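When reading the values below, keep in mind they use all heavy atoms of this one structure, side chains included, and skip hydrogens, waters and symmetry mates. Chain letters run A, B, ... following the sequence lines, proteins first, then strands; residues in each count from 1. Treat the numbers as computed from the prediction; the structure is a model and nothing was measured.
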2 protein chains.
Amino acid sequence: MPWNLTSDRPIYAQLIEQMELKICSGIYPLGFKLPSVRDLAREASVNPNTMQRALARLEESGLVYSVRTSGRFVTEDKNMIKETKKRLAREQVNEFLKKMLDLGFEREDILSMLGDMLKEMI
Amino acid sequence: MPWNLTSDRPIYAQLIEQMELKICSGIYPLGFKLPSVRDLAREASVNPNTMQRALARLEESGLVYSVRTSGRFVTEDKNMIKETKKRLAREQVNEFLKKMLDLGFEREDILSMLGDMLKEMI
DNA sequence: ATCATTGTATTAAGGCCTTAATACAATGAT
DNA sequence: ATCATTGTATTAAGGCCTTAATACAATGAT
């Protein structure tokens, strides 16, 4: 999964989101040692400060932790990751449905559009 | 539909999105005379400049047009609205599915979560 | 023992976004 | 004829975001 950043939202917020995704999907597994701030910044083509900012926020939420001079690691709390994954999914579904209903689509429309696009994507 | 603005994205971008929603859903119908910039700004609790910026962008995309001293109107091009509505829907479905698949959910998971939440929302 | 690597901190500069305060010409209502 | 309302334009200030350039203590590998 490449780092895909747009300019319509703060970069650090997008970094948080993508790190969460990588952790919840298992790309960065339980207890995994993350690349260093500088390496992650290089990967994502952003300033180390910006990456550091994102990682600090992830740390506040408990999803990662850092050992001062050793590195940063994905949490070992399996349940926390599971709950985060659930939360993110609920948020996605909720926002999606809200917008589609606001746009004026109905249950059937939504399900059929979704089915069509799923066929394309999988 | 209340103006619902968050601080995690530029306000003017959110205004554009919500105006598009109002137009595509018919809250602002074909040819409708919009409230003045100042009134819309007051409604949304933003600075008139910010609302003006959003409206100017909507005008570039052709969804509204302005008559210098008379006011601003929703386009009378029924087809353009229809196409915009389609485009917005496709974008929503696409982003939603992309994130859910990235999170590691499968077709069945997505459809069942969606069904559950649809029951709650309708 | 030395040295590269780790997370972390600080300061300065520039950019975009938002607000605020004005201003103006053209129109429509009075 | 007068005047409020329309979209539009300009300038200044402040805030947050991002980058850049450094710096430092602690650790692990050599």
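Closest approach of B:Leu5 and B:Gln18 over heavy atoms only: CD2-NE2, 4.1 Å. Minimum heavy-atom separation, A:Ala54 to A:Leu15: CB-CB, 3.7 Å. Of all heavy-atom pairs between B:Thr6 and B:Gln14, the closest is O-NE2, 2.7 Å. The heavy-atom pair separating A:Lys85 from B:Gly104 by the smallest distance is NZ-O, 4.2 Å. Heavy-atom minimum distance, B:Arg72 versus B:Ser66: CG-CB, 3.6 Å. The two residues B:Leu30 and B:Val74 make their nearest non-hydrogen contact at CA-CG1, 4.3 Å.
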Residues B:Ile110, B:Phe96; criterion side chain to side chain contact (heavy atoms under 4.5 Å, CB included); working and verdict: CA-CA 10 Å; B:Ile110 298 174; B:Phe96 169 66; 4.0 Å; yes
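Dense packing is recorded around CD of B:Glu83, with more than 12 heavy atoms of other residues, nucleotides or ligands lying under 6.0 Å away.
Within a heavy-atom distance below 4.0 Å of DNA chain D, the residues of residues 5-16 of chain A found are A:Pro10, A:Ile11, A:Tyr12. Using a 4.0 Å cutoff on non-hydrogen atoms, the parts of residues 63-74 of chain B near DNA chain C are B:Thr69, ordered by number. Applying a 4.0 Å cut-off to non-hydrogen atoms, the residues of residues 32-48 of chain B that approach DNA chain C are B:Arg38, B:Val46, B:Asn47, listed by residue number.
Contact footprint of chain A on DNA chain C: nucleotides with an atom under 4.0 Å from a non-hydrogen protein atom, first to last in 5' to 3' order, C:dT6 to C:dT10.
Taking a pair as Watson-Crick or G-U wobble with both distances under 3.5 Å, DNA chain D forms stems of 3 or more consecutive pairs at C:1-30 with D:1-30.
At a threshold of 4.5 Å between side-chain heavy atoms, the hydrophobic network of Ile, Leu, Val, Met, Phe, Trp and Tyr places A:Val67 and A:Leu55 in two separate groups.
The pair B:Glu91-B:Arg87 meets the salt-bridge criterion, since a charged nitrogen lies less than 4.0 angstrom from a carboxylate oxygen.
Under the 4.5 Å side-chain criterion, counting only non-hydrogen atoms from C-beta, A:Lys86 is in contact with A:Arg90. Within the 4.5 Å cutoff, the side chain of B:Val93 has no heavy atoms near those of the A:Asp116 side chain.
Here salt bridge (Lys or Arg N to Asp or Glu O under 4.0 Å) pairs that include residues 30-56 of chain B, with residues two or more places apart or in two chains, are B:Asp39-B:Arg42.
A:Gln92 contributes atom CD, which lies 10.0 Å from atom CE of B:Met113 (distance to the nearest 0.5 angstrom).
Side chains of A:Thr84 and A:Glu20: no donor on one and acceptor on the other come within 3.5 Å.
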